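Encoded as structure tokens, the structure appears first; notes follow it.
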Protein chains: 2
Amino acid sequence: MKQKSNVKERILDTASRLFYHQGFNSTGINQIIAEADIAIGSLYKHYQSKSDLLYHYLEQQETEYFANLDDYLKDEKQPLKKLLKLIDYRIKVQEESNCSGCHFIKVNAEIGRGDKKIEQFIVAHKERQRDYIKSLVDEISTVKSFSIEKKALQNSIFLMIEGAVVSASINGNTNDLKEVKKTINQFF
Amino acid sequence: MKQKSNVKERILDTASRLFYHQGFNSTGINQIIAEADIAIGSLYKHYQSKSDLLYHYLEQQETEYFANLDDYLKDEKQPLKKLLKLIDYRIKVQEESNCSGCHFIKVNAEIGRGDKKIEQFIVAHKERQRDYIKSLVDEISTVKSFSIEKKALQNSIFLMIEGAVVSASINGNTNDLKEVKKTINQFF
DNA sequence: GTCTATAAGGAGATAGAC
DNA sequence: GTCTATCTCCTTATAGAC
């Protein structure tokens with residue numbers, strides 16, 4: 001018996017899972033329709049092409065990322081604790097996904113800057129992640145001072161987290177993310 | 001007229017260029033033999049499979065990376081200047097390669113931790129890169145003191161560079177690598 | 001080393017019947 | 001929405017003749 005959930009959603013959810021865990025190029029249309037348990041006609045009714053499916057996958061990840069992050073941080077008011085909890089969120093997400101890394105970094109690595117629409121979407125997502133951290137550090141700066149320039153600190157924290165997420169996907173653990181959390185405490 | 005260079009070398013050089021710039025999965029055997037201008041029989045005489053070619057590609061990148069880095073730094077004796085010049089090296093390599101990122105991070109993103117041999121090779125390469133930075137900071141610590149713990153600083157610098165190289169491949173510029181260089185100066 | 005033929009399978013995508 | 005058939009093309013890899 002078929003699941004009752006919306007067919008269009010089931011296609012995207014299955015494609016997302018496969019794109020993330022085994023790669024976009026390594027995932028075929030036939031595997032998506034088999035695992036989503038839908039007909040190929042349904043796939044092409046809802047999505048124009050495999051690339052179109054990729055775009056909607058990134059779009060959904062973008063929305064989910066910030067919605068879940070906001071939810072995870074909503075009860076914390078202190079900006080420094082909020083920043084540390086942002087790292088906890090990244091640790092949690094990685095540990096729940098077999099440390100498969102960042103959706104956007106992975107797609108960038110696979111398709112490069114070939115597709116303008118995808119490229120711009122990835123750039124925009126990374127800018128938004130950077131701005132999120134920037135704002136938290138701005139808030140912290142109203143009550144604390146640091147040893148290095150604020151702008152340098154903001155970029156450093158963003159880049160360390162990026163590096164640590166990549167490290168998680170390479171090493172299969174969140175050790176570096178945990179180290180980043182400890183290090184940030186030393187900055188303030 | 002065929003080039004005079006060794007056929008085996010030409011296969012690997014062509015495969016390396018294509019794997020790096022358009023991805024492993026997006027590169028076909030037929031494209032490699034066409035661009036290397038060799039016969040398919042020659043390819044399978046020298047390499048067992050496409051995966052075998054991937055392994056030799058990473059092996060060559062590993063050797064080249066550290067050989068070229070040592071050469072780039074050989075005239076600099078001061079450890080802090082050496083560390084800053086290591087960043088210059090990464091900037092130079094990225095700018096010469098259309099900011100295509102790190103060979104190892106890209107392969108990891110494409111094939112994940114599926115192939116044990118490839119996986120271990122990537123992990124070992126990243127460990128060696130981390131140790132290289134660790135040693136330089138150890139040297140610096142004999143003449144300077146820093147505001148945060150040495151171990152945290154060593155990991156931070158490694159992770160910031162990793163993050164900045166990923167950023168280069170996403171944004172198509174080396175702005176973040178240049179920022180990392182400025183930030184390191186502030187740490188000491 | 002070169003060439004061509006071919007195997008055996010998978011890819012993305014379309015069309016038509018129900 | 002389902003199903004099956006089909007199109008076109010490409011994939012990795014092997015074999016044999018020169």
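These figures come from a predicted structure and were not determined experimentally. Note that these values count all heavy atoms, side chains included, but never hydrogens, waters or copies made by symmetry. Residue numbering restarts at 1 for every chain, and letters A, B, ... go by the order of the sequence lines.
In this structure, of D/dT2, D/dT14, C/dG12, it is D/dT2 that holds the atom nearest to the side chain of A/Ala39. Comparing atom distances between the B/Ile40 side chain and each of C/dG1, C/dG12, C/dT4 picks out C/dT4 as nearest. Each of C/dG12, D/dG1, D/dT12 was ranked by its minimum atom distance to the side chain of A/Lys45; first place goes to D/dG1.
A/Phe121 is not listed as a side-chain neighbour of A/Asp115, based on a closest heavy-atom distance of 4.5 Å or more. Looking only at side-chain heavy atoms (C-beta outward), A/Gln94 and A/Ile91 stay at 4.5 Å or farther from each other. Side-chain atoms of A/Asn155 and A/Arg130, non-hydrogen and from C-beta on, do get closer than 4.5 Å to each other.
Taking atom OH on A/Tyr44 and atom P on C/dA15, their separation rounds to 12 Å, with Å as the unit. Here the P atom of nucleotide C/dA13 and the CD atom of A/Gln48 are 10 Å apart, to the nearest Å. Between A/Lys50 atom NZ and D/dC9 atom C1' there is a gap of 15 Å when expressed in whole angstrom units. The NE2-C1' distance, from B/His46 to D/dT12, rounds to 18 Å in whole Å. Rounded to a whole Å, the CG atom of B/Asp37 is 13 Å from the C1' atom of C/dC3. One can place OH of A/Tyr47 at 11 Å from P of D/dG1, the figure rounded to the nearest angstrom. Summarising the geometry, the separation between CG on A/Leu43 and C1' on C/dG12 is reported as 10 Å, rounded to the nearest angstrom.
For the residue pair B/Gln154 / B/Asp138, a side-chain donor-acceptor distance below 3.5 Å is found, with atom types taken as modelled. Remark: the B/His125 side chain and the B/Tyr65 side chain contain no N/O donor-acceptor pair separated by less than 3.5 Å. No side-chain donor from either of B/Tyr20 and B/Asn98 sits under 3.5 Å from a side-chain acceptor of the other.
Ion pairing of B/Glu110 with A/Lys106 is absent here, as no side-chain N (NZ or NE/NH1/NH2) approaches a carboxylate O to less than 4.0 Å.
Every residue meeting the side chain to side chain donor-acceptor pair (under 3.5 Å) condition with A/Gln22, not counting sequence neighbours, appears here in chain and number order: A/Thr27, A/Gln31.
Across residues 17-33 of chain A, A/Thr27, A/Gly28, A/Ile29, A/Asn30 each have a non-hydrogen atom less than 4.0 Å from an atom of DNA chain C (numbered order).
A/Phe187 CZ to A/Ile184 CD1: the interatomic distance, rounded to the nearest 0.5 Å, is 7.5 Å.
When base pairs are accepted only as Watson-Crick or G-U wobble with both N-N or N-O distances under 3.5 Å, DNA chain D takes part in stems of 3 or more pairs at C:1-18 with D:1-18.
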